[in-house]
Amino acid sequence: MTNYNLDIKDFDKFYDLYLYSFNREDNEQKKSALRTRYEHSLVYGIMNGNKLGSGLFSIPFTVDFHGVTYHMNGIGDVMSAPEFAGQGGAGKLINAAMKDMYKNNVTLSYLAPFSYEFYRQFGYEHVFDHVLMEIPSNKWTNIKAPKVGHVERVSLSDVPNQARKIYDNHNSLGGLNRENWWWDHMAYKHSDWFAALYYEDDDNLGGYLFYSKEGDTLKIHEWVTKDPNSYRALANFVTKHSSTFDKFLYESDDSEVKADLLDEPKVADVKTIPYMSARIINLKNFVMKYPFIKYNLDPIVIEVTDSLKWNNHHWKLSIKNGEVKFEKTQEPGTIKITIETLTKAMFGTRQLDSLAHYGAVKGDAISIDRLSHALVSEKPQLRDYF
């Protein structure tokens, strides 16, 4: 029996499959955190007899992309029971979720792939990177704290609403617009994390740092500051842990490596790791609201190849005095591109002319260059995981 849309009465079946598929130990915190996501999601599943054979979440969010708000559904907890694996269950659910997104006017979708190759067949492309920087604690640059303000240490559940505003003011490269339920979910899920809060002399929050203690390592998960004082105060706070921990590890959503800020850049072990993928669900909506950096663009015909029929067309794009036109056409394409490659280019992960150099884009070189210079070039950033 097939049942694509699950409701609250199916939660226990979903939870049982979750525990088995991801080899997780049952505990009340884990179950409560999953239930929160379940209650805020569109939940899909395929029954295998009286058990759930496959399941996934489609979580409605919005994202801020260079000042433009897009509806985005995050796909999470894609799973199949071993006795049901190999029957295409996950693929059926992903396709069902994408069709529903389109009907519900959702423009984008993100997910964390177990295999980038697997999810590319559904149009998802690697877009977001993280940088891991590991530094011996005694080599951390000793930055003096400012003479103004002070730092307070609290648990994640005690982080004030001011931090949410600071996050919002530093989130414009494709990251989540975090709703209150998501902030609360983060605090509950990561109850072992701490927050360092920098307050200015007027008691306004100037920055924050989320971190955890993992054996001999202090791991920084999120670091947001609005000015030099807030940066210096929180960097100094990290320094004060050098006698307690052997290593500091910072996982940053900013893919720019900043080892040059250290006294000795060579002491840092730096890795760029692929993080999450994105998928354009509604291409026309994405383009019509897209923050093009060119005010004018002569017409270009883009032949887009996509498994989603509503995107799989020849499209004529033009911009005149900031007004974007993007319509289906029968004209031959001057640029031929897959939806996956177009996603990467429009998100700014890699420039279109660079993709053409590696053979991922076909067509007229002049048209490719003109479109490349109309797209955003700053690499996207995503802190959250689902």
[X] with [Y]: basic N within carboxylate O range, under 4.0 Å:
{"X": "Glu340", "Y": "Arg120", "result": "no"}
{"X": "Lys226", "Y": "Asp168", "result": "no"}
{"X": "Arg370", "Y": "Asp364", "result": "no"}
{"X": "Glu323", "Y": "Lys325", "result": "no"}

With a distance cut-off below 6.0 Å to the six-membered ring centre and an angular limit of 45° from the axis, does Arg279 pair with Phe122 as a cation-pi contact?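 The answer is no, since Arg279 fails at least one limit relative to Phe122.
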
Using the benzene-type ring in the case of Trp, are the ring centres of Phe286 and Tyr290 under 6.0 Å apart?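 Close enough - the centres of the two rings lie under 6.0 Å apart.
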
Compute the centroid of each ring, for Phe237 and then for Tyr211, and state whether the two points are separated by less than 6.0 Å. yes

Partners of Lys379 by side chain to side chain contact (heavy atoms under 4.5 Å, CB included), sequence neighbours excluded? Ser255

If we count only N and O atoms by modelled type, under 3.5 Å, do the side chains of Tyr4 and Asp100 hold a donor and an acceptor together? no

Would you check if there is a donor-acceptor pair between the side chains of Arg383 and Asn171 at a distance under 3.5 Å?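 Absent: no donor and acceptor within the cut-off.
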
Joint cluster assignment, Ile220 & Tyr275, ILVMFWY side-chain distance < 4.5 Å: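 Per the 4.5 Å side-chain linkage, Ile220 and Tyr275 are not co-clustered.
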
Name all residues meeting the ring pair (Phe, Tyr, Trp, His ring centres under 6.0 Å) criterion together with Tyr358; count only those two or more places apart in sequence or in a different chain, and write none if there are none. none

Taking [X] for the side chain and [Y] for the main chain, is one N or O donor matched with an acceptor at less than 3.5 Å?
{"X": "Tyr116", "Y": "Pro274", "answer": "yes"}
{"X": "Ser252", "Y": "Asp254", "answer": "yes"}
{"X": "Ser137", "Y": "Asp246", "answer": "yes"}

Quickly, which of Tyr208, Trp223, Trp183 forms a ring-ring contact (aromatic ring centres under 6.0 Å, His included) with Tyr167? Name it, please.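 Only match with Tyr167 under ring-ring contact (aromatic ring centres under 6.0 Å, His included): Trp183.
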
